[in-house]
A.B. asks: 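Take this structure first; my questions come after.
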Amino acid sequence: MNRLRHMLYLLALSSSIVLYAQTVTQQFMQTEYDIKGLHMIDSDVGIAVGESHWDQSLKAYRSTILKTIDGGLSWNRQGVSVSDDLWDVYFPDPDHGWAAGNTGLLLHSDDGGTSWSKKDIGTALNFKTIYFPDASHGWVVANEEIHYLFDEPDAWRGRVWHTSNGGENWVEQDLPPDAGIIHRLYFKNNMEGWALGVKNENIDVFADTYCAAYFTDDGGETWIEKYSPDLKMVFTDIEFPDEAHGFMVGFASRSDEKGGAIFRTSDGGDSWERMGEDKVLWQVDFVDSLKGYAVGADYIAAWGPPVFRTMDGGDTWQKIRMEENYSLGLYGLAVFEDKVIAMGDDGYKVESTDPWGDYGDRYGEHLFTQVLIDTLYNFEDVFFITPSLGWVVGRKSTSPDKWAQVILHTDDGGEHWKEQYSFRSDVWAVALRLNAVQFVNETTGWAVGYVVDVSASQTSGILFTGDGGKTWTQQGQGVSEGQIVDLFFLDNQNGWALTDVFTYPEGHVQLLKTINAGATWEMVSTGQQATITVGFAIKSGTLLFQDENTGWILGAQQDLLKTEDGGDTWMEIPKPEFWRNAYDIGFSNNLHGTICGGSTFNTTDGGENWTENYVTGRTFTDLCFIDSLNGWMVGEWGNIYHTLDGGASWEKIDHEATLTALKSVSFPDAKTGWTAGRAGTIVHIDLSTVSSVYQPSVTNPSIQLLQNHPNPFSMQTEIRFRMTEPGTASLAVYDMSGRKIKTLLEGFRDKGIHHMVWDRTDDYNQPVRPGVYIYRLITKEGSTSRSMVVL
């Protein structure tokens with residue numbers, strides 16, 4: 001009955017609701033270069049391509065083409081007007097080059113990669129690999145999805161196109177019918193070439209994947225299955241340093257497939273032997289028949305991606321551990337006598353100018369330098385004090401495995417962001433970050449985060465600014481050890497900070513308290529046990545005060561604490577049934593509140609009792625209420641949800657701004673808000689355009705629209721209206737965001753009373769969730785609306 005009373009209360013207030021049409025746009029994202037292909041024209045000049053990156057100046061995605069002229073020390077973006085992912089690049093000479101990618105994207109350069117033009121060969125398939133043995137002859141491969149029963153592909157078919165006149169014309173050639181995904185093309189000359197990947201033996205999606213290498217000696221007119229061992233493998237790259245000696249690499253398609261991921265031939269490819277370790281390898285390159293490297297990906301490795309070296313023609317392979325334990329993949333490789341460069345995920349680059357030197361007993365740190373070619377961000381919290389002034393906090397990369405606390409600021413509503421603060425400990429490689437930020441006015445604010453307590457790099461984890469973030473100073477040194485998870489200031493003097501520190505053996509949750517704007521902080525024990533975080537890397541505890549007396553602490557795993565005396569004493573609130581991971585708590589008024597996490601929970605009695613109100617299978621990490629009815633919630637996969645009934649029901653906001661996990665949401669007023677999260681994502685939600693769809697009361701007395709009956713209802717309800725004159729009429733149901741749910745009537749009606757029945761389904765005959773809905777009648781005399789409640 002609590003839920004029913006709450007809906008009726010919202011129904012009574014519905015005449016005061018104003019709806020807005022929302023616009024969701026991405027304002028900021030890290031410039032992340034996921035490199036998939038690398039070709040060094042010589043030891044100084046090279047081109048790298050990869051997945052599309054976010055262009056901050058254009059506020060749009062652009063295809064990634066990077067060029068170096070200093071041997072890989074610096075990489076500069078080359079301007080292109082397309083946005084598809086690129087997977088491979090090849091230059092047969094210093095001037096002419098080709099790049100291939102998704103949706104039939106084929107780019108050509110005749111000035112060494114500085115400028116690129118688009119070529120159309122009549123397909124929208126995703127290109128995977130391209131190769132030109134000389135400027136005239138080239139081949140490109142796409143992998144076509146094959147669908148038999150369902151939307152997901154049941155198999156793939158490799159398709160290859162050939163040009164003999166420098167790309168002016170392309171002709172499709174036939175691969176063997178069982179050629180599946182082709183990962184790599186390689187041609188010794190304009191007649192002899194290889195295409196390798198996997199083959200399709202059946203269409204069962206659970207079937208094993210077997211490797212295959214196809215060969216042509218007539219320029220691709222005919223291809224034969226040259227090497228297809230009975231191995232559950234995928235071939236990914238091939239290299240012939242001379243006519244006789246060649247190497248292939250790949251990875252096992254099943255965990256029980258053992259025996260190595262490197263294959264060697266000494267007879268030009270007629271026979272192959274298997275060797276090496278069981279790793280995922282993507283690229284292989286040799287400087288001669290003896291010396292070469294192979295690199296790949298291992299996302300759970302303790303010492304970074306696999307890097308293997310041979311100096312004896314593959315008889316032995318030395319594993320060179322990366323100095324940084326940063327487990328990203330390497331997908332592009334170039335090997336020279338005096339240099340090795342490999343690039344991959346997130347713009348991760350490893351480079352050596354002594355590739356054949358001694359690498360030591362354990363690490364290859366003096367052989368390789370390792371960098372990220374651009375800065376990466378992860379944001380934990382966003383806060384706007386006005387629609388113009390805002391801050392985001394989190395961490396940024398300073399090297400492949402070292403992170404720094406970071407604060408970004410905007411003074412123009414997010415159109416431009418700049419760093420205000422950055423701190424990294426040089427004593428220990430600690431994963432630093434800031435977890436939360438709050439301002440009480442335009443100049444005074446605090447940020448809290450991970451604590452480092454070592455020698456000269458000591459920090460308390462509490463930062464203070466009195467000048468809008470131009471300068472940040474530490475507060476509370478020596479008061480707390482560990483991580484500061486969240487903060488809440490009631491005014492410009494009185495504030496609290498939540499830590500993940502526990503007193504032993506009791507294990508009580510600890511708070512920090514200040515009554516003088518943070519000039520001094522004291523440790524306060526709640527006297528209650530709870531789990532605030534799950535490991536230092538996961539920030540999930542939340543601190544909230546509804547007023548100066550009533551406050552809440554929400555822990556990571558089934559823990560909820562409450563105070564009613566301003567934090568002097570705390571009590572444990574019984575855990576809701578079916579509780580899942582919890583991330584945030586918010587109240588729309590003194591009685592109505594919501595907890596979000598792996599599910600959502602509602603209270604209608606001030607938090608004494610909580611009931612599950614399942615929204616979706618996704619996890620939500622933050623929520624905020626603007627007033628007693630209007631609220632927002634964000635979470636993984638870019639999910640943004642909106643409520644107009646105080647959290648009783650939530651509607652998903654459809655947008656294309658991001659699929660990145662969102663960690664925080666902030667609304668300084670009812671019309672504009674921001675959400676931020678992983679990969680440096682900042683998204684703007686603009687509700688400044690008023691929607692005219694929902695007029696919640698009967699505004700035209702000449703139009704007779706009666707209240708539905710029954711109301712509230714659970715299965716179906718009847719809607720009656722009177723036509724004073726014959727004419728066309730439209731009757732439709734809308735949700736509280738103004739989105740049309742169901743068209744009940746559209747057409748001519750005679751004078752008199754008419755009856756329509758709504759069975760609580762939408763236009764797709766799917767049942768709608770409980771909540772408040774609007775039904776609207778439009779005739780030639782005008783329009784009018786009423787509200788109804790679905791239980």
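What's counted below: heavy atoms across the whole structure, side chains too, no hydrogens, waters or symmetry copies.
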A.B. asks: Please check if atom CD1 in Ile121 has more than 12 non-hydrogen atoms from other residues, nucleotides or ligands closer than 6.0 Å.
C.D. replies: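 Above 12, so yes.
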
A.B. asks: Using the benzene-type ring in the case of Trp, are the ring centres of Tyr131 and Tyr90 under 6.0 Å apart?
C.D. replies: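 Yes: the rings meet the under 6.0 Å criterion.
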
A.B. asks: Please report the interatomic distance CD(Gln30) to CG(Leu372), rounded to the nearest 0.5 Å.
C.D. replies: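 Output value for this atom pair is 9.5 Å.
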
A.B. asks: Can you check salt bridge (Lys or Arg N to Asp or Glu O under 4.0 Å) on Asp174 and Arg159, steps first, answer last?
C.D. replies: CA-CA 7 Å; Asp174 291 327; Arg159 295 175 62 182; over 6 Å; no

A.B. asks: Between Trp139 and Gln173, is a side-chain hydrogen bond (donor to acceptor under 3.5 Å, both in side chains) present by the stated rule, with each step listed?
C.D. replies: CA-CA 10 Å; Trp139 289 262; Gln173 299 175 326; 3.1 Å; yes

A.B. asks: Can you confirm if the aromatic rings of Tyr331 and Trp282 lie within a centre distance of less than 6.0 Å?
C.D. replies: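 Yes - the distance between ring centres of Trp282 and Tyr331 falls below the 6.0 Å cut-off.
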
A.B. asks: What's the verdict on ring pair (Phe, Tyr, Trp, His ring centres under 6.0 Å) for Trp194 and Tyr186, showing C-alpha distance, side-chain angles and the deciding distance?
C.D. replies: CA-CA 5 Å; Trp194 295 77; Tyr186 177 88; 8.6 Å; no

A.B. asks: Ignoring hydrogens and angles, state whether a donor on the side chain of Arg309 or Gln318 is under 3.5 Å from an acceptor on the partner side chain.
C.D. replies: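 Distance-only check passes for Arg309 and Gln318.
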
A.B. asks: So, Arg274 and Glu257, do they make that salt bridge, N to O below 4.0 Å?
C.D. replies: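 Yes, this pair counts.
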
A.B. asks: Just by distance, with hydrogens left out, do Asp354 and Ser352 show a side-chain donor and acceptor under 3.5 Å apart?
C.D. replies: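 Side chains of Asp354 and Ser352: no pair found under 3.5 Å.
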
A.B. asks: Hey, would you say the Tyr293 and Phe308 ring centroids sit under 6.0 Å apart?
C.D. replies: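 Ring centres of Phe308 and Tyr293 not closer than 6.0 Å.
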
A.B. asks: Any carboxylate oxygen within less than 4.0 angstrom of a Lys/Arg side-chain nitrogen, looking at Arg157 and Asp178?
C.D. replies: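 Salt bridge flag = no for Asp178 with Arg157.
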
A.B. asks: At their closest point, which heavy atom of Val160 faces which heavy atom of Glu172, and how far apart are they?
C.D. replies: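 Taking Val160 first and Glu172 second, the nearest heavy atoms are O-CG, 3.3 Å.
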
A.B. asks: Show your working on side-chain contact (heavy atoms from CB on, under 4.5 Å) between Tyr227 and Phe235 and close with a plain yes or no.
C.D. replies: CA-CA 11 Å; Tyr227 181 61; Phe235 286 147; 3.8 Å; yes

A.B. asks: Would a line drawn from the ring center of Phe263 to the ring center of Trp272 be shorter than 6.0 Å?
C.D. replies: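 No, too far apart.
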
A.B. asks: May I ask you to decide if Thr222's main-chain N or O and Thr216's side chain share a donor-acceptor pair within less than 3.5 Å?
C.D. replies: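 The answer is yes, because a donor-acceptor pair under 3.5 Å joins these two groups.
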
A.B. asks: Hydrogens and angles aside, do Lys67 and Thr114 bring a side-chain donor and acceptor to less than 3.5 Å of each other?
C.D. replies: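 Side-chain D/A pair, Lys67 to Thr114: present.
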
A.B. asks: Evaluate whether atom NZ of Lys118 has more than 12 neighbouring non-hydrogen atoms of other residues, nucleotides or ligands under 6.0 angstrom away.
C.D. replies: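 No, the 6.0 Å shell around NZ holds no more than 12 heavy atoms from other groups.
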
A.B. asks: If you apply the rule side-chain hydrogen bond (donor to acceptor under 3.5 Å, both in side chains), what do you find for Thr64 with His53, and how did you get there?
C.D. replies: CA-CA 6 Å; Thr64 296; His53 66 274; 2.8 Å; yes

A.B. asks: Is it the case that the side chains of Ser109 and Asp111 hold a donor-acceptor pair, with the cut-off being a distance below 3.5 Å and no angle test?
C.D. replies: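 The answer is yes; a qualifying pair exists.
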
A.B. asks: Between Tyr377 and Glu419, is there a side-chain donor-acceptor contact under 3.5 Å, judged purely by atom types and distance?
C.D. replies: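 Yes - a donor-acceptor pair under 3.5 Å links their side chains.
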
A.B. asks: Working to the nearest 0.5 Å, report the span between OG of Ser117 and CG of Asp110.
C.D. replies: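 Separation between the atoms: 7.0 Å.
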
A.B. asks: Testing the basics here: between Ala342 and Leu333, what is the closest heavy-atom pair and its distance to 0.1 Å?
C.D. replies: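 What the structure gives for the nearest pair is CB-CD1, 4.1 Å.
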
A.B. asks: Establish, yes or no, whether the cationic atom of Lys188 lies under 6.0 Å from the six-membered ring centre of Phe240 and within 45° of the ring axis.
C.D. replies: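 Judged by the rule, Lys188 and Phe240 form a cation-pi pair.
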
A.B. asks: Looking at CG of Asp217 and CH2 of Trp223, how far apart are the two atoms once the value is rounded to the nearest 0.5 Å?
C.D. replies: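 Reported to 0.5 Å precision, the distance equals 10.5 Å.
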
A.B. asks: Can you find a side-chain donor-acceptor pair between Tyr61 and Asp85 that sits under 3.5 Å?
C.D. replies: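 No pair is found: no donor N or O on one side chain lies under 3.5 Å from an acceptor on the other.
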
A.B. asks: In terms of side-chain heavy atoms, does Asn189 have a donor or acceptor partner in Glu192 at a distance below 3.5 Å?
C.D. replies: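 Side-chain D/A pair, Asn189 to Glu192: present.
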
A.B. asks: So, taking the atom named OG in Ser63 and the one named CG in Asp55, what distance separates them when rounded to the nearest 0.5 Å?
C.D. replies: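 Interatomic distance, Ser63 OG to Asp55 CG, rounded to 0.5 Å: 11.0 Å.
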
A.B. asks: State, without any angle test, whether Arg424 and Thr398 hold a side-chain donor-acceptor pair at a distance under 3.5 Å.
C.D. replies: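 Result is yes, a qualifying pair exists.
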
A.B. asks: With side-chain hydrogen bond (donor to acceptor under 3.5 Å, both in side chains) as the criterion, how do Asn76 and Ser74 come out once you've worked through the C-alpha distance, each side chain's angles and the decisive distance to 0.1 Å?
C.D. replies: CA-CA 7 Å; Asn76 298 310; Ser74 62; 4.8 Å; no

A.B. asks: Measure from NZ or CZ of Lys291 to the centre of the six-membered ring of Trp356, then state whether that distance is under 6.0 Å and the direction lies within 45° of the axis.
C.D. replies: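 Because its charged atom sits under 6.0 Å from the ring centre and within 45° of the axis, Lys291 does stack over Trp356.
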
A.B. asks: Check the side chains of Asp374 and Thr31 for a donor-acceptor pair under 3.5 angstrom, ignoring hydrogens and angles.
C.D. replies: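 The answer is no; no qualifying pair exists.
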
A.B. asks: What I want to find out is whether Glu380 reaches Arg395 closely enough, with some N-O distance under 4.0 Å, to be called a salt bridge.
C.D. replies: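 No salt bridge links Glu380 with Arg395.
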
A.B. asks: Return the orientation label for the Phe286 and Trp317 ring planes: parallel under 30°, perpendicular over 60°, tilted otherwise.
C.D. replies: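 Aromatic pair Phe286/Trp317 classed perpendicular.
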
A.B. asks: OG1 of Thr236 to CD1 of Ile181: how many Å apart, nearest 0.5 Å?
C.D. replies: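 Answer for the OG1-CD1 pair, Thr236 versus Ile181, is 12.5 Å.
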
A.B. asks: Quick check on the 6.0 Å ring-centre criterion: do Trp98 and Trp87 meet it?
C.D. replies: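 Between Trp98 and Trp87, the centre distance exceeds or equals 6.0 Å.
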
A.B. asks: Do the side-chain N and O atoms of Gln370 and Tyr348 include a donor-acceptor pair separated by under 3.5 angstrom?
C.D. replies: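 Gln370 vs Tyr348: donor-acceptor pair found between side chains.
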
A.B. asks: Hey, what do you get for NZ (Lys36) to CG (Asp88), rounding to the nearest 0.5 Å?
C.D. replies: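 Reported to 0.5 Å precision, the distance equals 12.5 Å.
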
